[in-house]
Protein chains: 2
Amino acid sequence: MTDPTTLEFAILGLLSLAPSTGYDLMHIFETTAIGNYSSSPGAIYPALGRLEKRGLIEGVVDDSQALRPKKVFRPTADGAKTLRRWLRSGITKNDVQRRLDELLLKFAFHSLLDAEATRDFLSGLAKATDEYLADLRVQRKIFSDDEPPHGRMAFEFGIDRYRACARWARRTLRHFEESS
Amino acid sequence: MTDPTTLEFAILGLLSLAPSTGYDLMHIFETTAIGNYSSSPGAIYPALGRLEKRGLIEGVVDDSQALRPKKVFRPTADGAKTLRRWLRSGITKNDVQRRLDELLLKFAFHSLLDAEATRDFLSGLAKATDEYLADLRVQRKIFSDDEPPHGRMAFEFGIDRYRACARWARRTLRHFEESS
DNA sequence: TCGCACATGTAACGTGTTACATGATTCA
DNA sequence: TGAATCATGTAACACGTTACATGTGCGA
């Protein structure tokens with residue numbers, strides 16, 4: 001089995017915080033910052049179906065008071081395990097480069113784990129980001145001075161972004177070290 | 001007609017800098033920072049086909065010295081116009097929120113335009129980013145102090161990121177104002 | 001002769017986007 | 001009566017990913 005997608009992990013995480021219907025999830029995605037992982041009924045309902053088919057979540061139909069019968073989903077034991085494994089999985093340079101948003105999603109759900117896991121996550125993120133920054137600084141040298149500066153400047157933006165990431169990781173790590 | 005995709009604009013931009021074959025483009029995507037817009041032959045060759053069918057690029061087969069005949073693409077007049085229109089198009093809060101990478105790609109190709117267009121782009125980016133930051137600061141208030149702090153901290157990361165964006169835009173704008 | 005650099009593509013697959021379809025209840 | 005909210009879903013479509021297929025010439 002391949003890993004669930006980012007959207008599926010987002011759903012699995014939200015269901016771990018509180019059992020919800022597809023409609024609830026849509027509302028959360030529409031109104032909160034997590035909405036960057038989209039979406040719309042056309043993505044959420046199929047994703048719920050896939051997760052249920054794989055046995056990571058289970059839905060119970062609630063016919064009691066609703067206008068229309070609704071299906072309340074919650075993670076199964078297997079789903080909870082899959083989520084935890086994902087939350088603890090190591091961070092590579094490649095993750096930082098291509099999936100930074102997914103890493104932040106992961107962090108947001110770290111409240112489901114203990115403080116040690118959070119610290120491991122943050123120090124891993126800081127380290128992987130530093131590695132990637134070292135690569136970027138090497139690559140920066142290829143820009144020559146007689147070309148138009150736009151490419152280099154766009155590149156500098158990338159560097160700024162990852163510097164901000166490393167700083168955030170270290171600042172947040174300090175926070176978790178102080179409060180423990 | 002809908003707009004070309006980000007990958008198609010990236011290809012159109014690269015071809016505007018220098019006529020290239022699919023293989024050349026693959027190599028550029030693999031080895032330079034632009035590679036974040038992927039890719040692999042399975043994405044690039046179909047994208048070249050779509051652009052050609054839409055009349056935005058044209059390819060000439062070069063059979064002269066190559067090991068295997070190669071097809072060198074360059075933008076048509078229509079393609080150049082489409083690219084320029086895209087480069088000059090206004091920046092919204094929504095672009096900043098969901099397509100920041102695409103905006104940076106756009107900026108990288110601004111060497112094809114004049115300095116005034118670049119300044120417009122950067123001031124537009126700074127303004128749209130400020131607007132989005134104002135939204136984020138409102139949203140930040142919904143996090144309460146008794147919840148686990150992870151969600152709020154992930155959110156702070158987002159704010160840091162867009163602050164870095166606004167700073168970059170203003171710094172780069174100053175650069176272009178001084179050198180003119 | 002083996003593998004690498006050059007060079008172009010296709011096929012299967014999964015997934016997200018957009019738009020649509022359905023239907024009950026509450027409130028102005 | 002009509003709109004909004006609650007609530008679930010499907011269908012068409014386009015796109016990217018991965019993996020595969022094909023073929024030449026050059027250097028070790």
Side-chain angles (χ1 to χ4, degrees), chain A residues 1-12 15 19-31 34-54 57 59-73 94 97-99 101-102 105, chain B residues 1-12 15 19-31 34-54 57 59-73 94 97-99 101-102 105:
Chain A
M1 280 293 166
T2 52
D3 256 18
T5 62
T6 305
L7 177 61
E8 284 165 9
F9 274 125
I11 290 174
L12 201 49
L15 295 181
S20 311
T21 66
Y23 187 79
D24 294 335
L25 293 173
M26 273 180 57
H27 196 243
I28 294 171
F29 278 110
E30 266 165 24
T31 57
I34 209 176
N36 290 307
Y37 310 93
S38 93
S39 274
S40 52
I44 291 184
Y45 285 103
L48 284 169
R50 290 193 300 269
L51 287 167
E52 194 176 28
K53 205 164 67 185
R54 287 173 62 168
I57 64 174
V60 177
V61 174
D62 175 359
D63 213 340
S64 58
Q65 84 262 36
L67 312 175
R68 201 178 149 164
K70 61 183 177 182
K71 203 166 177 185
V72 180
F73 290 97
N94 196 55
Q97 183 185 354
R98 306 186 81 99
R99 279 187 294 275
D101 286 347
E102 191 182 311
L105 181 72
Chain B
M1 280 292 168
T2 53
D3 257 18
T5 62
T6 306
L7 177 60
E8 285 165 9
F9 275 125
I11 290 174
L12 201 49
L15 295 181
S20 310
T21 66
Y23 187 79
D24 294 334
L25 293 172
M26 273 180 57
H27 196 244
I28 293 170
F29 279 109
E30 267 165 23
T31 56
I34 210 176
N36 290 309
Y37 311 92
S38 92
S39 281
S40 52
I44 292 183
Y45 285 103
L48 284 169
R50 290 193 300 271
L51 286 167
E52 194 176 27
K53 203 163 68 185
R54 287 175 61 170
I57 64 173
V60 177
V61 175
D62 175 0
D63 212 341
S64 57
Q65 83 261 39
L67 313 175
R68 204 178 148 163
K70 62 183 178 181
K71 204 167 176 183
V72 181
F73 290 97
N94 196 54
Q97 182 184 354
R98 306 185 81 99
R99 279 187 295 274
D101 286 347
E102 190 182 312
L105 181 72

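Nothing here was measured: the structure is a model prediction, and the numbers come from that model. We name chains A, B, ... by the order of the sequence lines, and we start the count at 1 in each one. Side chains included, hydrogens not; waters and symmetry mates left out as well; all remaining heavy atoms used.
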Asker: Taking salt bridge (Lys or Arg N to Asp or Glu O under 4.0 Å) as the definition, give me every residue that meets it alongside Arg99(A), ordered by chain and number, with sequence neighbours left out.
Answerer: Asp95(A)
Asker: Within this structure, what is the NZ-to-P distance between Lys70(B) and dT22(D), rounded to whole angstrom?
Answerer: 24 Å
Asker: Starting at CG of Leu25(A) and ending at C1' of dA7(D), how long is that distance when rounded to a whole Å?
Answerer: 12 Å
Asker: Show the nearest heavy-atom pair for residues Pro4(A) and Phe9(A), with the distance to one decimal.
Answerer: O-CE1, 3.4 Å
Asker: Side chain to side chain contact (heavy atoms under 4.5 Å, CB included) for Leu15(B) and Leu51(B)? Distances and angles first, verdict last.
Answerer: CA-CA 11 Å; Leu15(B) 295 181; Leu51(B) 286 167; 5.6 Å; no
Asker: Rounded to the Å, how far apart are Glu8(A) CD and dG16(C) P?
Answerer: 7 Å
Asker: Counting only side-chain nitrogens and oxygens, does Thr21(A) get under 4.0 Å of the OP1 or OP2 atom of dC6(D)?
Answerer: no
Asker: Considering residues at least two apart in sequence or located in another chain, which fulfil the salt bridge (Lys or Arg N to Asp or Glu O under 4.0 Å) criterion with Arg54(A)?
Answerer: none
Asker: According to side-chain hydrogen bond (donor to acceptor under 3.5 Å, both in side chains), who are the partners of Thr21(A), at least two apart in sequence or on a separate chain?
Answerer: Asp24(A)
Asker: How close do Gly22(A) and Leu48(A) get, heavy atom to heavy atom, and via which atoms?
Answerer: CA-CD1, 3.7 Å
Asker: Whole-Å distance between dC15(D) C1' and Lys53(B) NZ?
Answerer: 13 Å
Asker: Please encode protein proximity along nucleotides 9-14 of chain C as a string of B, S and -, counting only heavy-atom distances under 4.0 Å.
Answerer: BB----
Asker: 5'-most contact on DNA chain C: Gly22(B) or Arg98(B), nearest heavy atom basis?
Answerer: Gly22(B)
Asker: How long is the line joining CD1 of Ile11(A) and P of dG16(C), in whole Å?
Answerer: 9 Å
Asker: Output one line per pair: protein atom, nucleotide atom from nucleotides 22-24 of chain C, and distance, for all N/O pairs under 3.5 Å.
Answerer:
unit_1: dT22(C); atom_1: O2; unit_2: Arg68(A); atom_2: NH1; d: 2.8

Asker: For a quick test of reading the model, state the closest non-hydrogen atom pair linking Phe73(A) to Gly59(A) and the distance between them.
Answerer: CD2-CA, 3.5 Å
Asker: Could you pull out all donor-acceptor pairs under 3.5 Å where a side-chain atom in residues 39-47 of chain B meets a protein atom, sequence neighbours excluded?
Answerer:
unit_1: Ser39(B); atom_1: OG; unit_2: Tyr37(B); atom_2: O; d: 3.4
unit_1: Tyr45(B); atom_1: OH; unit_2: Tyr23(B); atom_2: N; d: 3.4

Asker: With a cut-off of less than 4.0 Å, is there a side-chain N or O of Tyr23(B) near OP1 or OP2 of dC6(C)?
Answerer: yes
Asker: Taking atom P of dG16(C) as reference, at what distance in whole Å does atom CZ of Phe29(A) sit?
Answerer: 10 Å
Asker: Roughly, in whole Å, what's the span from CG in Asp63(A) to P in dT8(D)?
Answerer: 12 Å
Asker: What's the CG-P distance between Asn36(B) and dT17(D), to the nearest Å?
Answerer: 11 Å
Asker: Is any side-chain heavy atom of Thr6(B) closer than 4.5 Å to a side-chain heavy atom of Asp101(B)?
Answerer: no
